[in-house]
Amino acid sequence: MDDRFRGIGELAEVPSVAVVVDVMRAYTVAAWAFARGAEKIVLAESLDAALALKARHPDWVALKDGAPAPGFDAVNSPALLRSVDLTGRTVVQKTTAGTVGALAVKDASLVLCAGFVVAEATARALRERGGDSVTFVVTGEDGRAEEDLACAQYIARRAGGGTPDATGGGPDAENGTDGTPDAKDGTSHAADAAGFLRRAAASRAAAELAQGVRAGAHPDDVSLCLELDRFPFAMVAALEGSLMVLRPYGN
Ligand SMILES: O=C(O)[C@H](CS(=O)(=O)O)OP(=O)(O)O
Ligand SMILES: [Mg+2]
């Protein structure tokens, strides 16, 4: 598999298959929303677009990152969402990076949205449907967010991908690997993931969330974002009319 690792601004063309990675916290939050019963998640283009959708669908749950704001029902915190009953609800999500990344590749033939909590399910979906070339969209920090890059490299490795290309997806020094997949050697998922999770735990996003400098967060957010394979499903985003809609896949 030819794996590419790109920031949102580095996407030169619409990829055929894209995995949009946002560990902290958009796609950890999305996975928790599905775990709490949400039917679907509409990925909003802007905060105003999210509010306009909420106005048309008052029973939809409007969610944003950063501090709470008028008109929004929730914030982009997995810890705060884990106690909310979302059975049958539609969530409208707008965040700084993750939702922007999915919308940037909305015309791809397959868009998976991922974090560590759905890593193996995402790798399985790639093995089933991925094709020869996969573009991993590293949504944070212009493609340099370590938590997102580590997660993308891990998923690529579990999907049996080849050596990451030179653009940001370099060899994983933590694990001393050249990116050559060894998923087939029976390595346990936890052992295989240890170095990648350590990189994410040491990331700037993890530090800022732990220090409480980011509004709309909870002390448990970082640990929840690092729960490898917490959920058995992947998440596929696709256009439904004019809306980019995320749904669980394959559980
Ligand atoms: O909600 C998040 O964690 C971030 C925004 S910030 O880093 O907290 O300001 O957005 P995301 O799009 O989930 O990376
Ligand atoms: Mg992020």
Side-chain angles (χ1 to χ4, degrees), residues 5-11 18-35 38 41-47 49-50 61-69 72-82 84 91-106 111-119 122 136-155 168 196-197 199-227 230-231 235 237 244 246:
F5 301 80
R6 297 288 186 271
I8 295 170
E10 298 168 331
L11 292 164
V19 180
V20 185
V21 178
D22 189 337
V23 172
M24 295 177 190
R25 297 165 286 174
Y27 294 128
T28 302
V29 164
W32 269 99
F34 290 128
I41 299 173
V42 176
L43 304 175
E45 296 272 359
S46 67
L47 294 175
V61 178
L63 183 153
K64 67 180 289 292
D65 63 359
F72 284 86
D73 306 294
V75 291
N76 198 42
S77 163
L80 293 175
L81 205 63
R82 65 181 162 182
V84 177
V91 175
V92 185
Q93 185 181 27
K94 169 63 179 85
T95 75
T96 301
T99 59
V100 176
L103 289 162
V105 293
K106 66 181 184 295
V111 178
L112 292 159
C113 295
F116 281 111
V117 293
V118 294
T122 304
F136 290 85
V137 183
V138 180
T139 61
E141 298 170 44
D142 300 321
R144 297 296 175 269
E146 185 65 5
E147 74 279 6
D148 295 336
L149 181 57
C151 184
Q153 288 175 328
Y154 175 70
I155 292 171
F196 297 89
L197 289 167
R199 288 165 57 194
S203 67
R204 182 166 76 180
E208 290 183 358
L209 284 166
Q211 290 157 14
V213 300
R214 295 190 177 186
H218 181 284
D220 292 349
D221 279 349
V222 172
S223 59
L224 290 175
C225 289
L226 299 177
E227 289 190 318
R230 171 72 186 258
F231 303 114
M235 299 187 290
M244 190 66 165
L246 187 63

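Residue indices begin at 1 and follow the sequence shown. Both ligands and their constituent atoms are indexed starting at 1 by order of listing. Hydrogens, waters and symmetry mates play no part in the numbers below; they use all other heavy atoms, side chains included.
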Find all atoms of ligand 1 within a distance of less than 4.0 Å from any non-hydrogen atom belonging to [X], and give their numbers and elements.
| X | answer |
| --- | --- |
| D22 | 11 (P), 12 (O), 13 (O), 14 (O) |
| N76 | 1 (O), 2 (C), 13 (O) |
| A26 | 13 (O) |

Hey, are the side chains of [X] and [Y] touching, using non-hydrogen atoms and a 4.5 Å cut-off?
| X | Y | value |
| --- | --- | --- |
| R199 | L149 | yes |
| V138 | R144 | no |
| L11 | V105 | yes |
| V29 | L63 | yes |

**Report entry** Polar contact flag, side-chain donor to acceptor under 3.5 angstrom, N76-T95
**Finding:** no
Check whether any N or O atom of [X], backbone or side chain, sits under 3.5 Å from an N or O atom of ligand 1, and answer yes or no.
| X | value |
| --- | --- |
| L209 | no |
| T99 | no |
| A97 | yes |

**Report entry** Any pair counted as salt bridge (charged side-chain N to carboxylate O under 4.0 Å, His left out), so long as it reaches residues 19-31, sequence neighbours left out
**Finding:** R25-D221
Query - Closest protein heavy atom (residue, atom, distance) for atom 6 (S) of ligand 1 - result: R214 NH1, 3.5 Å
Query raised in the report: When you measure from atom 5 (C) of ligand 1 to every protein heavy atom, which one gives the shortest distance, and what is it?
Result: D65 OD2, 3.1 Å
Query raised in the report: After noting the C-alpha distance and the side-chain angles of R204 and E141, does the key distance pass the salt bridge (Lys or Arg N to Asp or Glu O under 4.0 Å) rule?
Result: CA-CA 10 Å; R204 182 166 76 180; E141 298 170 44; 3.5 Å; yes
Query raised in the report: Take atom CG in D142; do more than 12 heavy atoms of anything else shown fall under 6.0 Å from it?
Result: no
Query raised in the report: Which word best sums up how the rings of F231 and W32 line up, parallel for under 30°, tilted for 30 to 60°, or perpendicular for over 60°?
Result: perpendicular
Query raised in the report: Looking at F116 and A200, what are the two nearest heavy atoms and their distance?
Result: CE1-CB, 3.7 Å
Report summary line: The option among E147, R25, Q93 carrying the non-hydrogen atom nearest to atom 3 (O) of ligand 1 is R25
Query - the Mg ion (ligand 2) - number of protein N/O/S atoms closer than 2.8 Å - result: 2
